[in-house]
There are 2 protein chains.
Amino acid sequence: MAKVLMGAQTFIYPMPVLLVGANVDGKPNFMAVAWGGIANGVPPMISLAIRPQRYTFKGIKENMAFSVNIPSSDMVKEADYCGIVSGANVNKVEVCQFKVFYGKVENAPLIEQCPVNLECKVVHILGLGSNSLVIGTIEEAHVSDTCLTDGKPDVTKIKPLSYVTSPARQYQVLGEIIADAFSAGAELRARE
Amino acid sequence: MAKVLMGAQTFIYPMPVLLVGANVDGKPNFMAVAWGGIANGVPPMISLAIRPQRYTFKGIKENMAFSVNIPSSDMVKEADYCGIVSGANVNKVEVCQFKVFYGKVENAPLIEQCPVNLECKVVHILGLGSNSLVIGTIEEAHVSDTCLTDGKPDVTKIKPLSYVTSPARQYQVLGEIIADAFSAGAELRARE
């Protein structure tokens, strides 16, 4: 197996599809973000790499609050639409027919149709180059009751999307569960 | 669809399975990280949330360099093993039979068997609480020639793992491609 040098590239697989919400000039708007991940455990934090020109970024800075909404695979058109157009030009909430609700964090608009919603408060905004890394605490998580199993979120019911850039830019669902974590590798301990 | 409040939780789906490498006291070691994502576009950067007690973290700080290696689904045991044990106690490279090579970033050990390898230099380490957010530039990407299609990385050949915590902690492969990005949502423009 030979290796091919590809240059400095953002090759991470899989990436999530997140609908990040903020109130901009008092109105809820949502953008699609794939460049995000958990940033801290205690307290729970999330990081999102957002271009500062983005309309939603204006609302995040204004209010130092945002939401993260996880669309299920049956919302792929709406999720994609939120990544195609700018809230500066269209009302995405109307076009996507999102039902918006709020939790305890002011100005963090949540999408009813998304099975998972996180309410977040900004703790850092780090200018890194083309993007600003927005780091926020997760203040509350909402999960649709239809996506719980024994009171816990169930990914087979949530049906999240993965954004993949290779070979084409595409959305994939999750597939087979192939192993239990913190267990599958235990047999290698015999080699220690 | 009613919503259930779950408290402050790190509910993001899917998360990647990354084997993060560093030289610790001159020897390569690898840890499993699910809390990571792209942090910037130009220049390309990645962020990883790592507990500072971790053995690999010592090497990252020592050298201000690290690697990110993406295991394919046939490496699930090795990937899991790297998340179960500490390099302070065992030589994970030996146990996992990793072939280690280096690129242009000194002290960023790369795993030959992983189809994608990123060489990274640390630019920020942000203490956020239980974890430190390590932000690094991606200096070079290596991709196995068997995982390319028309010269581009092909996720159907890379077969990356996803780490999912709900309802159990498990590894999943990616499933069906359900839509083209920047295209699937275009039909909603008719509603604008």
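In what follows, chains are A, B, ... by sequence order, proteins preceding strands, each numbered from 1.
- Proximity of a side-chain donor or acceptor of A:D80 to a complementary backbone N or O of B:S183 within less than 3.5 Å is detected.
- No more than 12 heavy-atom neighbours from other residues, nucleotides or ligands sit within 6.0 angstrom of CD on A:E106.
- Of all the heavy atoms in A:P44 and B:A8, the pair that sits closest is CG-O, 3.4 Å.
- With a 4.5 angstrom heavy-atom cutoff, B:I46 touches chain A only via side-chain atoms.
- Listed options B:P167, B:C96, B:G83 were ranked by heavy-atom pairs under 4.5 angstrom with chain A; first place goes to B:P167.
- Contact annotation for B:C82: neither backbone nor side-chain heavy atoms come within less than 4.5 Å of a heavy atom of chain A.
- Put simply, the side chain of A:E140 gets close to the backbone of B:G7: a donor and an acceptor are under 3.5 Å apart.
- B:V76 and B:M31 end up in the same hydrophobic cluster when Ile, Leu, Val, Met, Phe, Trp and Tyr side chains are linked at under 4.5 Å.
- Under a 3.5 Å cut-off, the side chain of A:N131 and the backbone N or O of B:G41 do form a donor-acceptor pair.
- Checked by atom type and distance alone, the side chain of B:K3 pairs as donor or acceptor with a backbone atom of A:E112 at under 3.5 Å.
- With a 4.5 angstrom heavy-atom cutoff, B:V123 does not touch chain A via any of its atoms.
- A 4.5 Å side-chain heavy-atom check between A:M6 and B:L148 finds at least one atom pair inside the cut-off.
- With contacts defined as side-chain heavy-atom distances shorter than 4.5 Å, the pair B:L5/A:H142 qualifies.
- Looking at heavy atoms from C-beta onward, B:E192 lies in side-chain contact with A:V85 at the 4.5 angstrom threshold.
- Side-chain contact check for B:V155 versus A:Q172: some heavy-atom pair is nearer than 4.5 Å.
- Only the side chain of B:N117 comes within less than 4.5 Å of a heavy atom of chain A; its backbone N, CA, C and O stay farther away.
- Chosen from B:V68, B:I178, B:V90, B:D180, the residue pairing most often with chain A at heavy-atom distances under 4.5 Å is B:I178.
- Considering only heavy-atom pairs separated by less than 4.5 Å from chain A, the leading option among B:L161, B:I50, B:L110, B:N89 is B:L161.
- Criterion: ILVMFWY side-chain heavy atoms under 4.5 Å apart, direct or through other members. Under it, A:L48 and A:M64 are part of a common hydrophobic cluster.
- At a 4.5 Å heavy-atom cutoff, B:R51 makes no contact with chain A through either its backbone or its side chain.
- Annotation: maximal heavy-atom pairing with chain A below 4.5 Å, among B:T149, B:N91, B:V143, occurs at B:V143.
- With a threshold of 4.5 angstrom between heavy atoms, B:S47 approaches chain A through side-chain atoms but not through N, CA, C or O.
- Hydrophobic clustering (side-chain heavy atoms under 4.5 Å, transitive across Ile, Leu, Val, Met, Phe, Trp, Tyr) groups B:Y13 together with B:Y171.
- Counted within 6.0 Å of NZ on B:K61, heavy atoms from surrounding residues, nucleotides or ligands total 12 or fewer; the atom is thus considered open.
- The shortest heavy-atom contact between A:Q9 and B:A141 is CB-CB, 4.2 Å.
- Between B:F11 atom CZ and A:K152 atom NZ the span is 8.5 Å, to the nearest 0.5 Å.
- Only the side chain of B:E187 comes within contact range of chain A, with at least one heavy atom under 4.5 Å from a heavy atom of that chain.
- Linking ILVMFWY residues whenever their side-chain heavy atoms come closer than 4.5 Å, directly or via other members, places B:F98 and B:Y102 in the same cluster.
- Only the side chain of B:I158 comes within contact range of chain A, with at least one heavy atom under 4.5 Å from a heavy atom of that chain.
- Of the two parts of B:L126, only the side chain, counted from C-beta on, holds a non-hydrogen atom closer than 4.5 Å to a non-hydrogen atom of chain A.
- Residues B:I177 and A:V164 form no side-chain contact, since every pair of their non-hydrogen atoms from C-beta on lies 4.5 Å or further apart.
- Considering only heavy atoms from C-beta on, B:E78 comes within 4.5 Å of A:L188 through its side chain.
- With chain A as the partner, the residue from B:A39, B:A190, B:P153, B:A49 showing the most heavy-atom pairs under 4.5 Å is B:P153.
- Counting heavy-atom pairs closer than 4.5 Å to chain A, the top-ranked of the candidates B:P16, B:G103, B:G37 is B:P16.
- If you take OG1 on A:T165 and CD1 on B:I38, they are separated by 9.0 Å, rounding to the nearest 0.5 Å.
- Interface summary for chain B: among A:I138, A:L128, A:D150, A:I70, the most heavy-atom pairs under 4.5 angstrom belong to A:L128.
- Only the side chain of B:L118 comes within less than 4.5 Å of a heavy atom of chain A; its backbone N, CA, C and O stay farther away.
- By the 6.0 Å contact criterion, NZ on A:K157 is enclosed, its count of non-hydrogen atoms from other residues, nucleotides or ligands being greater than 12.
- In this structure, chain A has a heavy atom under 4.5 Å from the side chain of B:L18, while its backbone stays farther away.
- A:F30 and A:F66 are not part of a single hydrophobic cluster, where members link through side-chain heavy atoms under 4.5 Å apart.
- Annotation for B:S130 and A:V42: closest pair OG-N, 2.8 Å, computed over non-hydrogen atoms.
- Of the listed residues (A:I84, A:V4, A:T10, A:N40), the one with the most heavy-atom contacts under 4.5 Å to chain B is A:N40.
- Ranked by heavy-atom pairs under 4.5 Å with chain B, the first of A:V173, A:D154, A:V95 is A:V173.
- Considering only heavy atoms from C-beta on, B:L133 stays 4.5 Å or farther from A:H124 through its side chain.
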